[in-house]
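Presented below is the structure to which this report refers.
The sequence lines fix the lettering, A, B, ..., with proteins before strands; numbering per chain opens at 1. What you see is a predicted model; the values in this text were computed from it and never measured.
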Number of protein chains: 2
Amino acid sequence: MITTTTTTTTNTTTVDIHSHLYPPAYVDLLRARSTIPMVRDNRILLLPAEEDDTSSSSSSTADHHHHALPGRPLTSDFTSIDEKLLFMNKHRIRISVLSLANPWLDFLDAHQSPDVARSVNEDFSRMCRLHPDRLFFFGVLPLTASLDAIRASIAHLAGLASCRGVIIGTLGIGKGLDDPDLLPVFQSLAQARLVIFLHPHSGLPNDIWGPRVAEYGHVLPLALGFPMETTIAVTRMYLARVFDNVPDLRIILAHSGGTLPFLAGRIESCIRHDGKLAHEHQGRRSVWDVLREQIYLDAVIYSDVGLKAAIDASGSDSLLFGTDHPFFPPLTTNAKEDEWEWESVRLNADAVVKAVGEGTAEAKAIMGDNAVRILRLQHETS
Amino acid sequence: MITTTTTTTTNTTTVDIHSHLYPPAYVDLLRARSTIPMVRDNRILLLPAEEDDTSSSSSSTADHHHHALPGRPLTSDFTSIDEKLLFMNKHRIRISVLSLANPWLDFLDAHQSPDVARSVNEDFSRMCRLHPDRLFFFGVLPLTASLDAIRASIAHLAGLASCRGVIIGTLGIGKGLDDPDLLPVFQSLAQARLVIFLHPHSGLPNDIWGPRVAEYGHVLPLALGFPMETTIAVTRMYLARVFDNVPDLRIILAHSGGTLPFLAGRIESCIRHDGKLAHEHQGRRSVWDVLREQIYLDAVIYSDVGLKAAIDASGSDSLLFGTDHPFFPPLTTNAKEDEWEWESVRLNADAVVKAVGEGTAEAKAIMGDNAVRILRLQHETS
């Protein structure tokens with residue numbers, strides 16, 4: 001294996017565990033749709049907030065201004081494995097663990113989702129086989145289908161050489177991740193040694209941002225809604241004792257856990273001071289225990305302040321560098337053409353250096369060694 | 001001034017800036033009401049979630065179980081200045097900065113709120129005058145009334161010797177703290193050198209916690225909803241350029257800023273990557289600048305992990321110890337009688353020691369010296 005160099009750490013195998021791609025079959029699916037998620041006029045519309053952009057821009061005369069258009073341009077960054085590799089090379093990323101971006105298959109009914117899951121997972125497997133030393137993936141599950149169908153999908157994924165887990169949103173099979181009906185799914189994943197990559201999509205209801213939300217671009221739903229959604233979902237899992245009931249379950253939380261590292265103390269204190277829970281949860285492992293033992297956090301947090309809290313909560317052996325590519329591209333159109341690194345990547349790489357020092361063992365661990373170890377990113381061990 | 005000792009730091013003047021009290025006039029107001037907020041059967045019901053408890057317990061046969069009753073018992077902890085002083089003495093708190101607890105006056109109409117504000121503020125002033133070296137307060141504003149009435153209230157507060165600021169929720173005059181109509185209020189407060197203590201109450205809409213929320217006591221709305229509400233409110237203020245427009249405004253964020261220190265990097269990155277905002281906000285001060293220059297954070301975070309992030313974000317000269325008394329009392333009823341410290345207080349005091357070391361200058365600053373300096377807690381300088 002070639003030891004690569006990044007601009008920020010030396011002699012580091014950089015692994016990006018937060019890297020999205022829409023395979024062709026999925027893009028075709030979105031092109032055929034007329035409600036979000038959808039592709040229209042070669043732009044991809046994913047979030048409820050983007051539906052609002054649609055109505056405002058269609059009645060606007062400012063369509064020449066690119067921000068009046070809804071969603072994001074569906075560039076090859078979203079769909080092309082070659083673009084992914086160019087991005088990786090530019091940023092000296094040795095290995096990427098790809099995943100379908102939100103909203104996965106949550107909008108499909110039970111008749112469609114198993115077949116689409118199989119197609120998407122086979123697409124990812126095929127792409128990874130082309131570059132077996134550089135690409136792995138997290139598959140998708142047909143969570144809207146029957147438990148049997150979900151288990152069949154897990155069995156399928158367990159047999160794909162480059163699959164290391166599954167990416168899921170916060171809905172589960174419709175009632176959230178604290179739904180007791182999800183326990184068999186979690187058990188099957190743990191048994192298959194497939195890690196969960198928990199990623200937000202739904203955010204929070206749009207009316208909580210207040211009447212001026214549209215003046216702030218997508219900052220409120222993206223910067224706050226996404227991490228809050230993750231935090232709520234994993235806290236519900238914790239309160240439902242999922243981690244106790246499935247001790248082998250391992251979960252990576254997107255965006256350094258949303259806000260879980262910062263709020264863990266308050267969650268613990270609220271449980272200890274709630275008569276009902278303090279009684280029912282006697283002998284429970286604390287939120288801190290679960291953060292250290294069953295939870296991994298990506299390092300997509302854009303500052304050393306948050307990253308240090310994430311490290312303090314889960315340990316530097318549990319943090320995993322990521323980029324969120326192809327989201328948050330540079331605003332200047334020519335930046336993509338030249339040799340500039342993406343600022344979103346640099347912010348996350350710089351945070352590691354600031355938090356644990358340049359070229360330290362901890363930095364190497366977070367930038368890639370942890371991912372290689374935790375996700376077994378060498379094919380001889382798979 | 002007597003130099004006091006706490007169990008966790010030595011030679012420290014401990015100041016509690018997060019300490020609530022309901023004066024008699026306010027309790028009488030709540031007793032006369034039949035919707036939340038209200039006092040019924042000598043229990044105080046404050047939160048929307050507690051309304052649900054009401055319906056479940058009134059139809060329940062398990063009323064002997066104290067958790068089946070709605071709300072909290074309205075003990076003298078909530079109303080008595082003598083109990084406050086006993087609590088302070090037990091925990092070696094030299095000075096408390098009292099504030100009315102949520103939901104303040106937000107539920108009163110424009111005809112009622114000015115008079116109630118005056119009564120409540122005079123009650124606080126009277127109580128502080130009884131112990132001028134140990135008690136200060138944050139007043140309340142009649143935000144549901146006219147701007148003139150609000151300004152008259154600010155002028156009234158500015159003339160009360162023990163008043164050092166105002167406590168407000170996140171509603172403002174109904175449309176949130178990014179409402180342009182609030183700017184004159186912020187300007188008047190800044191001019192009067194009254195700091196804002198921003199405190200959550202409304203949480204997030206109850207349906208976002210999922211169908212099993214009631215099984216988790218009040219953990220989800222209290223542990224997550226409260227800090228998320230604060231984070232959203234202050235981020236909206238930031239995005240509306242309130243801090244740029246009122247450079248002398250100073251604000252203390254409850255619960256160490258909700259989650260702002262952890263999410264500041266993501267907020268910054270989302271703004272930089274949003275074409276509309278990146279253009280409109282050219283020359284803006286970053287979220288980090290505002291965190292360092294205009295925002296103070298209380299240290300009510302129950303863990304050193306969160307506290308360290310708060311310190312990294314705002315500086316150890318901007319953190320202010322607090323207890324949230326009389327909320328989160330010990331669960332064991334006899335704990336109140338004996339010499340035990342409240343666990344909720346100990347968790348916050350321990351977090352300071354773990355974060356910055358025992359007896360260090362930083363610990364002394366956070367435990368009290370910062371509050372004395374920032375809030376001018378010596379009457380000779382007021």
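- Of the atoms belonging to B:Ser256, heavy atoms from both backbone and side chain fall under 4.5 Å from chain A.
- Heavy-atom pairs under 4.5 Å with chain B peak, among A:Ala310, A:Gly176, A:Pro211, A:Pro205, at A:Pro211.
- Using a 4.5 Å cut-off between heavy atoms, B:Phe327 does not touch chain A at all.
- Annotation: side chain of A:Pro227 is not in contact with side chain of B:Phe262 (no heavy-atom distance under 4.5 Å).
- Close approach to chain B, defined as a heavy atom under 4.5 Å from one of its heavy atoms, is seen in A:Leu239, A:Ala240 of residues 238-245 of chain A, taken by number.
- Annotation: side chain of B:Tyr216 is in contact with side chain of A:Asp178 (closest heavy-atom distance under 4.5 Å).
- Contacts with chain B were tallied for A:Gly258, A:Ala264, A:Ala233; A:Gly258 has the most, counting heavy-atom pairs under 4.5 Å.
- Of the listed residues A:Arg236, A:His279, A:His255, A:Glu229, the one with more heavy-atom pairs under 4.5 angstrom with chain B than any other is A:Arg236.
- In this view, A:Ser344 and A:Tyr302, A:Phe328, A:Trp342, B:His273 satisfy the side chain to side chain contact (heavy atoms under 4.5 Å, CB included) rule, not counting sequence neighbours.
- Of the atoms belonging to B:Leu222, heavy atoms from both backbone and side chain fall under 4.5 Å from chain A.
- Contact of B:Leu204 with chain A is made through the side chain alone, with heavy-atom distances under 4.5 Å.
- Contacts with chain B were tallied for A:Pro329, A:Ala309, A:Gly265; A:Gly265 has the most, counting heavy-atom pairs under 4.5 Å.
- When each of A:Lys175, A:Arg272, A:Glu268 is scored by its heavy-atom pairs under 4.5 Å with chain B, the top score falls to A:Arg272.
- Looking at B:Ile208, the atoms closer than 4.5 Å to chain A (heavy atoms on both sides) sit in the backbone and in the side chain alike.
- Of the listed residues A:Pro261, A:Ser202, A:Gly225, the one with more heavy-atom pairs under 4.5 angstrom with chain B than any other is A:Pro261.
- A:Lys276 contributes a side-chain N or O that, together with a main-chain N or O of B:Glu215, makes up a donor-acceptor pair within less than 3.5 Å.
- For the atom pair A:Lys308 NZ and B:Lys308 NZ, the distance stands at 9.0 Å (nearest 0.5 Å).
- Going from atom CG of B:Leu331 over to atom CG of A:Leu277 covers 10.0 Å, rounded to the nearest 0.5 Å.
- Note that CE of B:Met228 is 10.0 Å distant from CG of A:Leu224, once rounded to the nearest 0.5 Å.
- Residue B:Trp209 touches chain A through both its backbone and its side chain, counting heavy-atom pairs closer than 4.5 Å.
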